[in-house]
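Okay, so here's the structure we're looking at.
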There are 2 protein chains.
Amino acid sequence: MRSRHMGGPPWWHGRFRGCGYRFTVPRQAILDVLSGTLKHLSAEDIYFAVHKTYPNVGLTTVYRTLELLVHMGLVFKFDFGDGRARYELSEGPKGARHHHHLVCTSCNRVVDYTDFIDEEVELLGRTEKGLSDKFNFKITNHLIQFYGLCDKCRNSQ
Amino acid sequence: MRSRHMGGPPWWHGRFRGCGYRFTVPRQAILDVLSGTLKHLSAEDIYFAVHKTYPNVGLTTVYRTLELLVHMGLVFKFDFGDGRARYELSEGPKGARHHHHLVCTSCNRVVDYTDFIDEEVELLGRTEKGLSDKFNFKITNHLIQFYGLCDKCRNSQ
DNA sequence: ATATAAATGAAAATCATTTTCAATAACACT
DNA sequence: AGTGTTATTGAAAATGATTTTCATTTATAT
Ligand SMILES: [Mn+2]
Ligand SMILES: [Mn+2]
Ligand SMILES: [Zn+2]
Ligand SMILES: [Zn+2]
């Protein structure tokens with residue numbers, strides 16, 4: 001019974017150790033923040049959130065940890081066009097499903113959607129296979145985003 | 001018979017004027033560079049290329065022009081993860097076809113592909129329709145990228 | 001408890017992109 | 001072709017997200 005790990009999935013600890021990394025307080029805290037939201041947080045967002053509980057965790061550590069989490073495949077990093085990277089747990093709260101994004105080019109709102117996801121994923125799978133063979137690429141990931149004007153922005157102008 | 005416009009599509013001029021913009025030497029030069037390559041150039045790449053012919057065109061103007069071209073829909077802006085934006089004519093040299101990208105997460109190589117593009121575009125069309133209706137988004141664009149290890153990087157470890 | 005190397009935090013550095021502002025040039029009109 | 005208006009430009013400075021540096025701290029194997 002590890003004392004500190006009350007909130008998040010305890011398998012995180014093993015996942016870190018398995019990769020030869022230490023499971024530290026800041027890392028736990030950052031994962032806790034990410035696992036407690038459906039939003040797409042920036043490094044600074046996460047820094048502020050962590051800061052409430054652990055005021056001495058620095059922004060540098062947040063950046064370093066996020067880079068590590070992305071590298072480990074626990075977190076996805078996105079560019080939605082607002083000049084800062086956004087992060088999301090690759091397996092969302094309570095194992096939220098794989099999804100893609102709708103991005104408003106005016107206000108930068110981001111909407112998760114899972115509609116058509118099965119068809120998309122099926123086609124993506126075939127495409128990945130075809131591309132792997134043709135270009136000898138080892139494909140590990142994909143990105144799909146739709147851009148446009150959100151409800152509010154299309155009406156207000 | 002406009003004197004300067006020998007290289008590029010003369011309709012660019014009209015396109016600019018139609019939007020109320022002036023068609024200037026730097027703008028022409030930047031479009032010429034973009035229309036003469038299949039690569040995905042950064043602002044600095046374009047700056048250097050333009051500089052060979054017009055040494056007094058500044059990097060600032062390159063950035064401003066690219067922003068304008070993206071806004072006009074003549075150019076696409078991409079983030080392939082190497083910390084700088086990359087640009088591509090939306091209608092490539094001799095009307096190259098709509099395509100998507102394969103990105104190497106190790107060396108940042110980018111490969112254009114058009115395989116499966118018809119199926120993809122068909123599904124994207126349906127998805128766009130469905131999403132527009134459901135979220136009341138006016139969708140204008142989409143992005144599809146596959147990430148992985150390229151031929152070279154997967155072999156060289 | 002101790003040793004060791006990984007991880008951290010504060011401050012400084014980096015660097016792509018943006019802003020400022022005076023000078024220039026596109027083009028509508030003679 | 002010349003002129004006036006105003007968008008556009010270029011140099012320099014500013015911005016701001018992210019990275020680097022380096023001395024200190026901490027997780028964990030012993
Ligand atoms: Mn999401
Ligand atoms: Mn391309
Ligand atoms: Zn919006
Ligand atoms: Zn590669």
Side-chain angles (χ1 to χ4, degrees), chain A residues 2-5 10 12-31 40-48 50-51 53-72 74-75 77-87 108, chain B residues 1-5 10 12-31 40-48 50-51 53-72 75 77-87 108:
Chain A
R2 294 181 222 75
S3 49
R4 167 160 29 77
H5 314 144
W12 283 339
H13 188 282
R15 186 71 189 286
F16 274 78
R17 298 325 321 286
C19 298
Y21 300 125
R22 297 177 181 176
F23 192 60
T24 64
V25 172
R27 288 173 180 179
Q28 159 103 43
I30 289 165
L31 278 168
H40 308 89
L41 302 178
S42 67
E44 201 180 26
D45 291 336
I46 295 167
Y47 167 69
F48 286 136
V50 167
H51 197 265
T53 317
Y54 302 99
N56 35 7
V57 170
L59 180 56
T60 307
T61 297
V62 173
Y63 274 107
R64 275 189 294 231
T65 300
L66 288 169
E67 183 186 22
L68 183 68
L69 292 172
V70 169
H71 181 245
M72 291 172 70
L74 290 176
V75 164
K77 179 180 184 178
F78 293 99
D79 167 31
F80 294 132
D82 66 341
R84 65 195 59 196
R86 300 269 164 186
Y87 301 87
N108 287 306
Chain B
M1 7 161 104
R2 297 181 220 75
S3 49
R4 168 159 30 78
H5 314 145
W12 282 339
H13 188 282
R15 186 73 190 285
F16 274 77
R17 299 321 327 283
C19 298
Y21 301 125
R22 297 177 181 177
F23 192 60
T24 65
V25 171
R27 288 173 180 179
Q28 158 102 41
I30 289 165
L31 278 168
H40 307 91
L41 302 178
S42 67
E44 202 181 25
D45 291 337
I46 296 167
Y47 167 69
F48 286 136
V50 167
H51 198 265
T53 318
Y54 302 100
N56 36 7
V57 170
L59 180 55
T60 307
T61 297
V62 173
Y63 273 108
R64 275 189 293 231
T65 300
L66 288 169
E67 183 185 22
L68 183 68
L69 292 172
V70 169
H71 182 245
M72 291 172 70
V75 164
K77 178 180 184 178
F78 293 99
D79 167 33
F80 294 132
D82 66 342
R84 64 196 57 196
R86 301 267 165 188
Y87 301 87
N108 287 306

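Model, not experiment: these values are computed from the prediction. By convention in this document, chain letters (A, B, ...) are assigned in the order of the sequence lines, proteins followed by strands, and residues within each chain are numbered from 1.
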Checking contacts here: which listed nucleotide ([options]) is nearest the side-chain heavy atoms of [X]?
{"X": "A43(B)", "options": "dT18(D), dT9(D), dT17(C)", "value": "dT17(C)"}
{"X": "R84(A)", "options": "dA17(D), dA29(D), dT17(C)", "value": "dA17(D)"}
{"X": "T24(A)", "options": "dA27(D), dA16(C), dG10(D)", "value": "dA27(D)"}
{"X": "V25(A)", "options": "dT18(C), dA27(D), dT19(D)", "value": "dA27(D)"}
{"X": "R27(A)", "options": "dA29(D), dA7(C), dG9(C)", "value": "dA7(C)"}
{"X": "R64(B)", "options": "dA6(C), dT8(D), dT20(C)", "value": "dT20(C)"}
{"X": "L59(A)", "options": "dT18(D), dC27(C), dT8(D)", "value": "dT18(D)"}

In a table with atom names and distances, give each donor-acceptor pair under 3.5 Å that connects a side chain of residues 16-23 of chain A to protein atoms at least two apart or in another chain.
unit_1: R17(A); atom_1: NE; unit_2: Y21(A); atom_2: O; d: 2.8

Between Y87(B) and Y21(A), whichever has its closest DNA chain C nucleotide further toward 5' is Y21(A)
Rounded interatomic separation in angstrom, taking [atom1] from [X] and [atom2] from [N]:
{"X": "F23(A)", "N": "dA7(C)", "atom1": "CZ", "atom2": "P", "value": "13 Å"}
{"X": "Y63(A)", "N": "dT8(C)", "atom1": "OH", "atom2": "P", "value": "16 Å"}
{"X": "L68(A)", "N": "dA6(C)", "atom1": "CG", "atom2": "P", "value": "13 Å"}
{"X": "D82(A)", "N": "dG16(D)", "atom1": "CG", "atom2": "C1'", "value": "13 Å"}
{"X": "E44(A)", "N": "dT15(D)", "atom1": "CD", "atom2": "P", "value": "16 Å"}
{"X": "H51(A)", "N": "dG9(C)", "atom1": "NE2", "atom2": "C1'", "value": "11 Å"}
{"X": "N56(A)", "N": "dA10(C)", "atom1": "CG", "atom2": "C1'", "value": "13 Å"}
{"X": "Y47(A)", "N": "dA10(C)", "atom1": "OH", "atom2": "C1'", "value": "10 Å"}

* Flag side-chain contact, heavy atom, 4.5 Å: T61(A) against Y47(A) -> no
Test your reading of the model: is there a side-chain donor-acceptor pair from R27(A) to the backbone of L69(A), 3.5 Å cut-off? no
* Please determine if R86(A) and D45(A) form a salt bridge, counting it only when a charged side-chain N lies under 4.0 Å from a carboxylate O. =>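 Salt bridge flag = yes for D45(A) with R86(A).
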| task | Have a look at R22(A) and say if it touches a base, only the backbone sugar-phosphate, or nothing, with a 4.0 Å heavy-atom cut-off. | result | base
- With DNA chain D as reference, determine whether T60(B) or G83(A) sits nearer its 5' end, using the nearest nucleotide of each.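 Looking at the nearest nucleotide for each, T60(B) comes out on the 5' side.
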task: Measure the acute angle between the ring planes of F80(B) and F78(B), then classify it against the limits of 30° and 60° as parallel, tilted or perpendicular.
output: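 F80(B) vs F78(B) ring planes: parallel.
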